[in-house]
Visitor: 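Can you read through this structure? Questions will come right after.
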Amino acid sequence: MKELPGKRGRKNKYYTHVQPRLEEIAYWCRDGLTEEEICKRLGVSLTSFAEYKKQFPELTDTLKTNREIADYRVENSLYLRALGYEYEEETWEEYELDQPLLKDDGTIQRTELRLTKKVKKKQAPDVTAQIFWLKNRRPDKWRDKQDVEHSGTVKNEIDLSGLSIEELRKLANSDE
């Protein structure tokens, strides 16, 4: 990057710290890292990163696309959790080898992992996930606060006109 005559200040780190690592940034977004965490890994400030997003559409596109992928994964997991699902659980155990093996790196391998059991399991639907889903997807029907409208009038049938001011004060201050 050429420096413009008369322009002072720090050089832009986008071309050295960010652009060459766009693929890594994409992975980090899919893993759910925040922009602050991404900035720390890149060695750039959050302020500079915000400027880079304004100046370089490729960065903005990378962030947006890969965050959406992460969001879809979480949404899908929540959906499966709410409905319940089946999965296969595998058990691996370590076994001694009859004959030790000499590996390419010069180390000796004396054991190996072997698959010993596969079990189909069911995850029951999760009521908390269902509530969360419904409150967010159908707030008109599932929110905690319900709006209730009252039509008509409220009448006070008690006649207090015959009481003195002293008696009214006593009533107002009583715990009954």
Visitor: Please say yes or no: joined through hydrophobic side-chain contacts below 4.5 Å, possibly via intermediate residues, are I25 and L33 part of one cluster?
Guide: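 Hydrophobic grouping puts I25 with L33.
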Visitor: When you measure from the side chain of K141 to the backbone N and O of L134, does any donor-acceptor pair fall under 3.5 Å?
Guide: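 Not a single qualifying donor-acceptor pair exists.
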Visitor: Heavy-atom count check: over 12 atoms from other residues, nucleotides or ligands less than 6.0 Å from R114 CZ?
Guide: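 Atom CZ in R114 is packed in, count exceeds 12.
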Visitor: Salt bridge (charged side-chain N to carboxylate O under 4.0 Å, His left out): which pairs involve residues 91-101, sequence neighbours left out?
Guide: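 Those involving residues 91-101 do not exist here.
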Visitor: How long is the span from the CD1 atom in I131 to the CG atom in N136, to the nearest 0.5 Å?
Guide: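 Answer for the CD1-CG pair, I131 versus N136, is 12.0 Å.
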Visitor: Applying ring pair (Phe, Tyr, Trp, His ring centres under 6.0 Å), name anything that partners F49, two or more places apart in sequence or on another chain.
Guide: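 So F49 forms no ring pair (Phe, Tyr, Trp, His ring centres under 6.0 Å) with any residue.
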Visitor: Run the salt bridge (charged side-chain N to carboxylate O under 4.0 Å, His left out) test against E86 and tell me which residues pass, sequence neighbours left out.
Guide: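 So E86 forms a salt bridge (charged side-chain N to carboxylate O under 4.0 Å, His left out) with K122.
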Visitor: Go through K54 and E51 one step at a time and tell me if the salt bridge (charged side-chain N to carboxylate O under 4.0 Å, His left out) criterion holds.
Guide: CA-CA 5 Å; K54 292 177 190 172; E51 286 300 315; 3.5 Å; yes
Visitor: Treating Ile, Leu, Val, Met, Phe, Trp and Tyr as nodes and any side-chain heavy-atom pair under 4.5 angstrom as an edge, say whether L59 and Y27 lie in one connected cluster.
Guide: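 No, separate clusters.
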Visitor: Report the distance from atom CD1 of I38 to atom SG of C29, rounding to the nearest 0.5 Å.
Guide: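 Reported value, rounded in 0.5 Å steps: 4.0 Å.
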Visitor: Closer than 3.5 angstrom, by distance alone: can the side chain of Q19 be matched with the main-chain N or O of Y14 as a donor-acceptor pair?
Guide: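 Between the backbone of Y14 and the side chain of Q19 there is no qualifying donor-acceptor contact (under 3.5 Å).
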Visitor: For E35, enumerate each residue passing the side-chain hydrogen bond (donor to acceptor under 3.5 Å, both in side chains) test, keeping only those at least two apart in sequence or located in another chain.
Guide: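 Here the qualifying residues are K53, R67.
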Visitor: How long is the span from the CG atom in L46 to the CD atom in E37, to the nearest 0.5 Å?
Guide: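 Answer rounded to 0.5 Å: 11.5 Å.
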Visitor: Applying side-chain hydrogen bond (donor to acceptor under 3.5 Å, both in side chains), which residue pairs with at least one partner in residues 68-80 are found, sequence neighbours left out?
Guide: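 Matches after skipping sequence neighbours: K64-E68.
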Visitor: Has the side chain of T116 got a donor or acceptor atom that lies under 3.5 Å from a matching backbone atom of T91?
Guide: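 Looks like yes, one N/O pair under 3.5 Å.
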Visitor: Does R41 count as lying over the ring of W28, i.e. NZ or CZ under 6.0 Å from the six-ring centre, within 45 degrees of the axis?
Guide: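 R41 over W28 ring: yes.
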Visitor: Could you pull out the closest heavy-atom pair between L83 and P125, with the gap in Å?
Guide: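 Distance-wise, the nearest heavy atoms are O-CG, 3.2 Å.
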Visitor: How long is the straight-line distance from CG of L42 back to OG of S48, given to the nearest 0.5 Å?
Guide: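 The distance works out to 11.0 Å.
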Visitor: Should the heavy atoms of other residues, nucleotides or ligands under 6.0 Å from CG of L102 be counted, would the total exceed 12?
Guide: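 Yes, CG of L102 has more than 12 neighbouring heavy atoms, counting only those of other groups under 6.0 Å.
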Visitor: Sort and list the pairs that fulfil salt bridge (charged side-chain N to carboxylate O under 4.0 Å, His left out) and have at least one residue in residues 101-111, not counting sequence neighbours.
Guide: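 Those involving residues 101-111 do not exist here.
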Visitor: Is Y52 reachable from L22 through a run of I, L, V, M, F, W or Y residues, each pair having side-chain heavy atoms under 4.5 Å apart?
Guide: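 Yes, because L22 and Y52 connect within a single hydrophobic cluster, where side-chain heavy atoms sit under 4.5 Å apart.
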Visitor: Using the test salt bridge (charged side-chain N to carboxylate O under 4.0 Å, His left out), find all partners of R81 that sit at least two apart in sequence or belong to another chain.
Guide: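 Result, salt bridge (charged side-chain N to carboxylate O under 4.0 Å, His left out) vs R81: D126.
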Visitor: Applying a strict under-4.5 Å side-chain criterion to I, L, V, M, F, W and Y, I'd like to know whether I165 and L160 cluster together.
Guide: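 Result: no, two separate clusters.
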Visitor: Would you compute the distance between atom OG1 of T65 and atom CG of L63 and round it to the nearest 0.5 angstrom?
Guide: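 Those atoms lie 9.0 Å apart.
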Visitor: Side chain to side chain contact (heavy atoms under 4.5 Å, CB included) with K118: which residues, sequence neighbours excluded?
Guide: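 For K118, the residues satisfying side chain to side chain contact (heavy atoms under 4.5 Å, CB included) (neighbours in sequence not counted) are E88, E90, L115.
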Visitor: For the CD atom of E166 and the CG atom of L168, what is their distance to the nearest 0.5 Å?
Guide: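 Those atoms lie 10.5 Å apart.
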Visitor: Return the set of residues passing side-chain hydrogen bond (donor to acceptor under 3.5 Å, both in side chains) with S161 (not counting sequence neighbours), or none when no residue passes.
Guide: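 Partners of S161 by the side-chain hydrogen bond (donor to acceptor under 3.5 Å, both in side chains) criterion, ordered by chain and then number, come out as D159.
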Visitor: If you look only at pairs with a residue in residues 14-31, which of them pass as a salt bridge (charged side-chain N to carboxylate O under 4.0 Å, His left out), with sequence neighbours excluded?
Guide: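 Passing the test, one end in residues 14-31: R21-E24.
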Visitor: Please determine whether the number of non-hydrogen atoms from other residues, nucleotides or ligands lying under 6.0 Å from atom CZ of F56 exceeds 12.
Guide: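 Yes, enclosed.
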Visitor: Under the salt bridge (charged side-chain N to carboxylate O under 4.0 Å, His left out) rule, collect the residues that match up with K40, sequence neighbours excluded.
Guide: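 Residues passing salt bridge (charged side-chain N to carboxylate O under 4.0 Å, His left out) with K40: none at all.
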Visitor: State which residues pass salt bridge (charged side-chain N to carboxylate O under 4.0 Å, His left out) with K135; sequence neighbours excluded, sorted by chain then number.
Guide: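 Checked K135 against salt bridge (charged side-chain N to carboxylate O under 4.0 Å, His left out); matches are D144.
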Visitor: Quick one: closest heavy-atom pair of C39 and S45, and the distance?
Guide: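 Taking C39 first and S45 second, the nearest heavy atoms are SG-O, 3.9 Å.
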